[in-house]
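Only one structure is covered here, and it is reproduced in the block below.
Order of the sequence lines fixes the chain letters, A, B, ..., with proteins taken first and strands second; residue numbering starts at 1 for each chain. Note: hydrogens, waters and symmetry copies are ignored here, and every other heavy atom, side chains too, is used. Remember, predicted model here, so these are calculated numbers, not experimental data.
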2 protein chains.
Amino acid sequence: MMKVADKHDKIVRAAIRVFARNGFFNSRISEIAKEANVADGTIYLYFNNKYDILITIFEEEMGKIIANVKREMASLSDPCEKLHCFARMHLALMEEKRELAEVIQVELRQSSKFIKDYHNKKFVEYTNIIESILKDGQERGIFRKEIIPEIFKRAFFGALDEMSRFWVLSSQKKFGVKTAARQITNLFLQGSLTDKGRQHRSCCHIT
Amino acid sequence: MMKVADKHDKIVRAAIRVFARNGFFNSRISEIAKEANVADGTIYLYFNNKYDILITIFEEEMGKIIANVKREMASLSDPCEKLHCFARMHLALMEEKRELAEVIQVELRQSSKFIKDYHNKKFVEYTNIIESILKDGQERGIFRKEIIPEIFKRAFFGALDEMSRFWVLSSQKKFGVKTAARQITNLFLQGSLTDKGRQHRSCCHIT
DNA sequence: ATATTCTGAATGAATGTGCATTCATTTCAG
DNA sequence: CTGAAATGAATGCACATTCATTCAGAATAT
């Protein structure tokens, strides 16, 4: 006999597939049920309603992702390498768990806005990893002090996120995860200016 | 008597307000009609269906935004300044046309995925502005040649976009548009490393 | 071992509601 | 008067959720 936890998971996995295919609002409970080989009513034994399924996906799967990233990063001390590691892992998710990544990508945005009383704690925790890397680096004198951590974390996360959005939509990559992770990390570390670019240009003094 | 174009606009403006409030899927045609002081049926004299309203918002309003940005940028020659200008204008939209910005922010993501046959041309045109700034700067020797324009444009746009998403959701700013625009532009130009950070660290050689 | 009862997990047809869209009717400018 | 524009009540369907019923297997009795 199948354990309760198994059925819960089976439904979650089915929902990820269906949501990735149609988006939350265009997905039918009946479709999820069919995909999970379960009766429509069964879903309501494990979840309160449709929103609850989506929220569960965020909570559970983001939890796993965060744990993964933190574990991987624990072995690194250099903040630059940590950033690079974060970038690689974030982008790699697109290849490893594409459907999950699509759901998080596309649906996360509304969720915070339209599912009342749901302020995605896991998501905040995830981006805070970036913030702590920066702060650590600033304390060690590796990163410039005038950079506002709140801005840096959003900018870095946004850059990665938009990159994977591109992959979600286009589904054909002109360049790989590794290239993208390296370029983006490098941009945030070194910037884009050449030595010539650095010389006496008013723009470069933008603080 | 009110001109046809006026009524079209009145409906679009109402729809922007309603979509910003509830999101596309949670918005009712009847609510848009009420907001526009128009009968439900009238909306169908000007639009084919609910999706059509959303798409019209993207097309028309993005068109205006693009024209705006291009006009403003025409007076600048320095690529660094152009980037900074783009950043400022993108973020300023949050303050000037908050509701429109929210709709674009949140709904644009699905649209490309779930409204079939709609590949947001205007959006591509918008981000391509960034790409051309980079390419121009590379030709002039101001930006490093090894940066892939496709990646740069997504990273830069993504950084700005995530920043304004934060404002959409939190609605209280710890720092202003100008600060954010300057910091983000500066990050992409100069990077985040201190001189000490640049010295002989393996991470810094990430290309 | 076999029969009998009990339990709660699973089912899926039925329900009821919410809402996009339509269209017969009305309005009113020229 | 005329017809284009506007109306809003009526239509019909799609779908989330419910709940009476089924059923497999555990527990208990014989």
Side-chain angles (χ1 to χ4, degrees), chain A residues 1-59 103 106-107 110-111 113-118, chain B residues 1-59 103 106-107 110-111 113-118:
Chain A
M1 183 205 175
M2 179 173 267
K3 287 203 224 85
V4 162
D6 290 346
K7 196 151 281 191
H8 170 101
D9 283 4
K10 218 167 67 152
I11 295 171
V12 167
R13 281 199 305 275
I16 291 173
R17 261 175 276 138
V18 175
F19 288 160
R21 198 157 55 229
N22 314 318
F24 178 75
F25 286 104
N26 290 314
S27 293
R28 308 294 138 229
I29 289 289
S30 57
E31 195 180 347
I32 297 172
K34 199 199 270 185
E35 186 96 12
N37 290 314
V38 139
D40 293 16
T42 306
I43 289 182
Y44 289 86
L45 298 176
Y46 294 88
F47 302 90
N48 299 324
N49 51 45
K50 203 180 158 188
Y51 287 117
D52 193 34
I53 306 176
L54 186 63
I55 290 176
T56 302
I57 293 176
F58 289 150
E59 297 287 319
V103 175
V106 177
E107 309 300 335
Q110 276 101 329
S111 66
K113 203 154 184 288
F114 305 122
I115 303 177
K116 76 170 168 41
D117 295 335
Y118 180 59
Chain B
M1 183 202 177
M2 180 173 266
K3 287 207 221 80
V4 162
D6 290 346
K7 195 151 280 189
H8 171 102
D9 283 3
K10 217 166 72 154
I11 295 171
V12 167
R13 283 199 304 274
I16 291 174
R17 260 174 278 139
V18 174
F19 287 160
R21 196 156 56 228
N22 314 319
F24 178 76
F25 285 105
N26 290 315
S27 294
R28 308 296 139 228
I29 288 290
S30 56
E31 195 181 347
I32 296 172
K34 198 198 272 183
E35 187 97 12
N37 289 313
V38 139
D40 293 17
T42 306
I43 289 182
Y44 289 86
L45 297 176
Y46 294 89
F47 301 90
N48 298 323
N49 51 46
K50 202 179 158 188
Y51 286 118
D52 193 32
I53 306 177
L54 186 63
I55 290 176
T56 301
I57 293 175
F58 289 151
E59 297 287 320
V103 175
V106 177
E107 308 301 335
Q110 277 98 330
S111 65
K113 204 155 183 290
F114 305 122
I115 304 178
K116 78 169 165 43
D117 296 336
Y118 180 60

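With contacts defined as side-chain heavy-atom distances shorter than 4.5 Å, the pair Arg28(A)/Lys50(A) qualifies. Between Val12(A) and Phe47(A) there is a side-chain heavy-atom pair separated by less than 4.5 Å. In this structure the side chain of Phe24(A) never reaches within 4.5 angstrom of the side chain of Val106(A), judged on heavy atoms. With contacts defined as side-chain heavy-atom distances shorter than 4.5 Å, the pair Tyr46(A)/Thr56(A) does not qualify.
Regarding contacts with the backbone of dA10(C), a side-chain N or O of Tyr46(A) is found under 4.0 angstrom from either OP1 or OP2. Listed pair Lys7(B) / dA6(D) meets the phosphate criterion, a side-chain N or O lying under 4.0 Å from OP1 or OP2. Phosphate contact (OP1/OP2 of dA14(D), side-chain N/O of Arg28(A), threshold under 4.0 Å): absent.
The interatomic distance linking Asp40(A) (CG) with dC19(D) (C1') rounds to 14 Å, in whole Å. Straight-line distance from the CZ atom of Phe24(A) to the C1' atom of dC15(D): 13 Å, rounded to whole Å. Rounded to a whole Å, the OH atom of Tyr44(B) is 18 Å from the C1' atom of dA24(C). Leu45(A) places its CG atom 13 Å from the P atom of dG12(C), with the value rounded to the nearest Å. Ile43(B) has its CD1 atom 17 Å from the P atom of dA5(D), to the nearest Å. As a whole-Å value, the separation of Asn26(A) CG from dA20(C) P is 13 Å. Straight-line distance from the NZ atom of Lys10(A) to the C1' atom of dA10(C): 11 Å, rounded to whole Å. Atoms CD1 (Ile32(A)) and C1' (dT11(C)) sit 17 Å apart, rounded to a whole Å.
Of the candidate nucleotides dT7(D), dT17(D), dT21(C), dT21(C) has the atom lying nearest to any side-chain atom of Asn49(B).
Mapped onto DNA chain D by nearest heavy atom, Ser27(A) and Thr42(A) fall at different nucleotides, with Ser27(A) at the one closer to the 5' end.
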